[in-house]
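Below: one structure, written as structure tokens.
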Amino acid sequence: MRVVLDTNVFISALLIEFSPPAQLVTHWRRSGFSLLTAFPQLEELRRVTRYPKISARIKPALAGRLINDLREVAVMVENLPVVEVSPDPYDNYLLSIAEGGLADYLVTGDKPHLLSLARHAGTKIVSVRDFMILIQRLR
């Protein structure tokens, strides 16, 4: 299964150790699914984890470890297609990763924008909760 996790899922995982997003990241690290990412997402993670409100709550080493894991273990999608369909243009890169990487799922907590799309180019867009239910059923 090929999956894109929204950056907000990673940030939530870093902020709350035993949260559903953290469980999802742990599941990926245990080879539960193929995680797709791309350079724009790594850059966004670097930028967001340096915001004062976030960096006060997340140790830089923890954020750095996640970014290094993504770079080394996740599937890096290159040659991203241009996508301009999200109501929030800053989310289009996630749809681009999903499309370029032929993702089965894009997992997000972005209700007003990404979740409202439900699908993009063969990728089903789901909440963390719904994806957790799905992977429990597949075990």
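The first residue in the sequence is number 1, and the count goes up from there. Excluded from the calculations below are hydrogen atoms, water molecules and symmetry mates; all remaining heavy atoms, backbone and side chain alike, are included.
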* Val9, Met76: one ILVMFWY side-chain cluster at the under-4.5 Å cut-off? -> yes
* Any donor-acceptor pair under 3.5 Å linking the side chain of Asn92 with the backbone of Val85? -> yes
* Asked: Asp104 side chain to Arg2 main-chain N or O, any donor-acceptor pair under 3.5 Å?
  -> yes
* Are Phe39 and Leu80 linked, directly or through other ILVMFWY residues, by side chains that come within less than 4.5 angstrom of each other? -> no
* Asked: Atom OG1 of Thr7 and atom CD of Glu44: how far apart are they, to the nearest 0.5 Å?
  -> 4.0 Å
* Distance-only polar pair, side chains of Arg65 and Asn68, donor-acceptor under 3.5 Å -> no
* **Gap between atom CG of Leu35 and atom CE of Met1 - 0.5 Å precision** => 12.0 Å
* Could you give the distance from OG1 (Thr37) to CG (Asp69), rounded to the nearest 0.5 Å? -> 12.0 Å
* Return yes if a side-chain donor-acceptor contact under 3.5 Å exists between Ser86 and Tyr93, otherwise no. => no
* Asked: In Å and rounded to the nearest 0.5 Å, what is the CD to CZ distance from Gln136 to Phe131?
  -> 11.0 Å
* To do: Take Leu45 and Ile11 through the side chain to side chain contact (heavy atoms under 4.5 Å, CB included) test and state the conclusion after the steps.
  => CA-CA 8 Å; Leu45 271 168; Ile11 297 301; 3.9 Å; yes
* Check: Pro81 main-chain N/O paired with Ser96 side-chain donor or acceptor under 3.5 Å -> yes
* Asked: Looking at CZ of Arg47 and CG of Leu42, how far apart are the two atoms once the value is rounded to the nearest 0.5 Å?
  -> 12.0 Å
Distance-only check: which donor-acceptor pairs under 3.5 Å involve side-chain atoms of residues 120-127, not counting sequence neighbours?
residue : atom : partner : partner atom : Å
His120  : NE2  : Glu99   : OE1          : 2.8
Thr123  : OG1  : Ala103  : O            : 2.7
Ser127  : OG   : Asp130  : N            : 3.0
Ser127  : OG   : Asp130  : OD2          : 3.4

* Structure fact -> For Glu43 and Arg46, the nearest pair of non-hydrogen atoms, with its separation, is OE2-NH1, 2.5 Å
* Give the ring-plane orientation class for His27 versus Phe33, where under 30° counts as parallel, over 60° as perpendicular and anything between as tilted. => tilted
* Asked: Do Val73 and Leu5 share a hydrophobic cluster (ILVMFWY, side-chain heavy atoms under 4.5 Å, transitive)?
  -> yes
* Identify the heavy atoms of Gly109 and Asn8 that sit nearest to each other, and give their distance. => N-OD1, 3.3 Å
* **Inter-residue atom distance Tyr51.OH - Ile58.CD1, 0.5 Å rounding** => 12.5 Å
* Where is the tightest heavy-atom contact between Leu36 and Gln41, given as atom of each residue plus distance? -> O-OE1, 4.1 Å
* Do you know which of Leu15, Val25, Leu24 makes side chain to side chain contact (heavy atoms under 4.5 Å, CB included) with Phe10? -> Val25
* Joint hydrophobic cluster, Leu134 plus Leu106, side-chain heavy atoms closer than 4.5 Å -> no
* Which heavy-atom pair separates Pro87 from Ser116 by the least distance, and what is that distance? -> CG-OG, 4.5 Å
* Asked: Does one hydrophobic cluster hold both Val77 and Leu114, with members joined at side-chain heavy-atom distances below 4.5 Å?
  -> yes
* Asked: Do Trp28 and Leu70 touch side chain to side chain, with heavy atoms closer than 4.5 Å?
  -> yes
